[in-house]
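These notes are about the structure you will find just below.
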Protein chains: 2
Amino acid sequence: MTEVTLVEVGPRDGLQNESLPLDVPTRLQLIEHLHDAGFRHLEVGSFVSPQWVPQMAHTEEVLAGLSNRAFNSIALVPNSTGLKRALETNIRTIAVFTAASESFCQRNINCSMQESLERFQPVIQTALENGLQVRGYVSCLIACPYEGETDVSQVTRMAAALLEMGCYEVSLGDTIGAGTAREIEARLKTLLTSLPADNLALHLHDTRGQAVSAIDRSLDLDIRTFDTSIAGLGGCPYARGASGNVATEDVVYLLERNGYRTGLSMDQLARTGHWISQQLGRPYHARAGLAHYNMQSLQTGKQP
Amino acid sequence: MTEVTLVEVGPRDGLQNESLPLDVPTRLQLIEHLHDAGFRHLEVGSFVSPQWVPQMAHTEEVLAGLSNRAFNSIALVPNSTGLKRALETNIRTIAVFTAASESFCQRNINCSMQESLERFQPVIQTALENGLQVRGYVSCLIACPYEGETDVSQVTRMAAALLEMGCYEVSLGDTIGAGTAREIEARLKTLLTSLPADNLALHLHDTRGQAVSAIDRSLDLDIRTFDTSIAGLGGCPYARGASGNVATEDVVYLLERNGYRTGLSMDQLARTGHWISQQLGRPYHARAGLAHYNMQSLQTGKQP
């Protein structure tokens, strides 16, 4: 059976786009539940300044609380200041992030695309020298919220540069969830002429309901790593109330039902998705998770 | 450009699964908005007994209110009593419904699969003799809520029988939204060895987030007609709070973005989806519609 790796980004990309910041014990509990559900790659926080992203303050405390668990813990690092913080924790992997759009780079990280690579080069090098792994993010795989459709050659250039500098994997983000499955398939086909499928991941937002479909098609191109978010946590910063990251539960249903192995327990995912939605004071709306949760309630006569 | 026909089922399949019954003027307004948005095939009501389905009572009044609009109006007819009611209105098409599962037929229409065909035979014949068109529904394309996975040969048998009796189209329903895109693709491939794609439609529920993906794949098999529901109205009677019919807005985004022509206006769909969600007292959660609505609000500085 083919294995597929899901990288759970709910505790970072999910929570940082929710307006309600959660306290450290709740963030810890979320990560522990997800680890118990079978995740071995988990984004747990961010070393971006808490002034920019208050939801990710105290990432050090979260990591300290996880010191008795062995898994690939990932946290965002925007620059050398962030790296300094990361090196004082037990984090395994730092994630650096840039984009295939000049406007997005400028607005998101205050520099040009080229400058972002130059800025990350020493960060990546120091991280590797200290025994950490580095993961790269390239936003705007399909479109930029400021510029519209992006140029696939820019996606290739940025992803290739990050791999060249030592990232073990580059996660390609359709940041505004603009692409249909066929558009993403077409871009991947171009990218795969020069980049290996094994080093690429897809990071999709379900803003327009196309993410599960895109993952389905990309499996045929041998993409085997996907970023997902429990309960579809995340929202979209560009459209109030809109869907966020593709829900872990929907992707697990797709994969397991089609014979791919994820190592994840839908029972535990649905329970965790339901619980974290309650913590955030919002309805649980990951579709496959909610269906599973409801079926379990029906069968057992009580909440699972 | 390839044309794709969407059959809007929100005013019937959608509303009949919402717990709050809407009054006739609101139901009329919904249908008028959807007609204005470009729909030419609309399920407007049902001649099932109002004791069974109170949400669909007064379908005659709804049809009378639409007498100045020309389009393919569709209403469910369960038996000869329902047909008698239908023949006293200006309805264009009646829809008869059965399933590829004995248990589902028994629980849903109180007869066996074979009896359902025998019961519908004179209904279809009389309808055709009176100049009406007949559309058929076969539920449980993939699975039955009582029996589990269904046998594809039973789906073929029921669909073939309905076409044979004079239905211009048979809509195949994944009633509990169990199928992934690949499972639905596999079933369709089998069905298409004996049935023509032009006479088949897909009626998918998005219970587990796989419906858009399944439509995407079925386009490659030349399926060109899909039932969709504005704002994803409908819920799932077997799982409280779960997603209902696949949202019209998500499917229109998929189709138009990939170069298929639907004749539908996303502006008007998003406005209608937002409005009807308000009428039902629930958040608007059709993803592509909400994203469109929010982008419009952002651009114009006011609600569209």
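Here is how names work: the chains are called A, B, and so on, in the same order as the sequence lines, proteins then strands, and each is numbered from 1.
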Distance, nearest 0.5 Å, that separates [atom1] of [X] from [atom2] of [Y]:
| X | Y | atom1 | atom2 | result |
| --- | --- | --- | --- | --- |
| Leu290(B) | Arg208(A) | CG | CZ | 10.0 Å |
| Ile176(B) | Met295(A) | CD1 | CE | 6.5 Å |
| His285(A) | Arg287(B) | NE2 | CZ | 9.0 Å |

Where do Asp250(B) and Gln210(A) come nearest, in terms of heavy atoms and distance?
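Looking at all heavy atoms of both residues, the closest pair is O-NE2, 3.1 Å.
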Would you check if the side chain of Tyr253(A) reaches a backbone N or O of Thr180(B) as a donor-acceptor pair within less than 3.5 Å?
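It does not hold such a pair.
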Spell out, as yes or no, whether a donor-acceptor pair under 3.5 Å connects the side chain of Arg182(B) to the backbone of Asp216(A).
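Side chain of Arg182(B) to backbone of Asp216(A): a pair is present.
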Side chain, backbone, both or neither of Ala214(B) within contact of chain A (heavy atoms, under 4.5 Å):
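Ala214(B) has no heavy atom closer than 4.5 Å to chain A.
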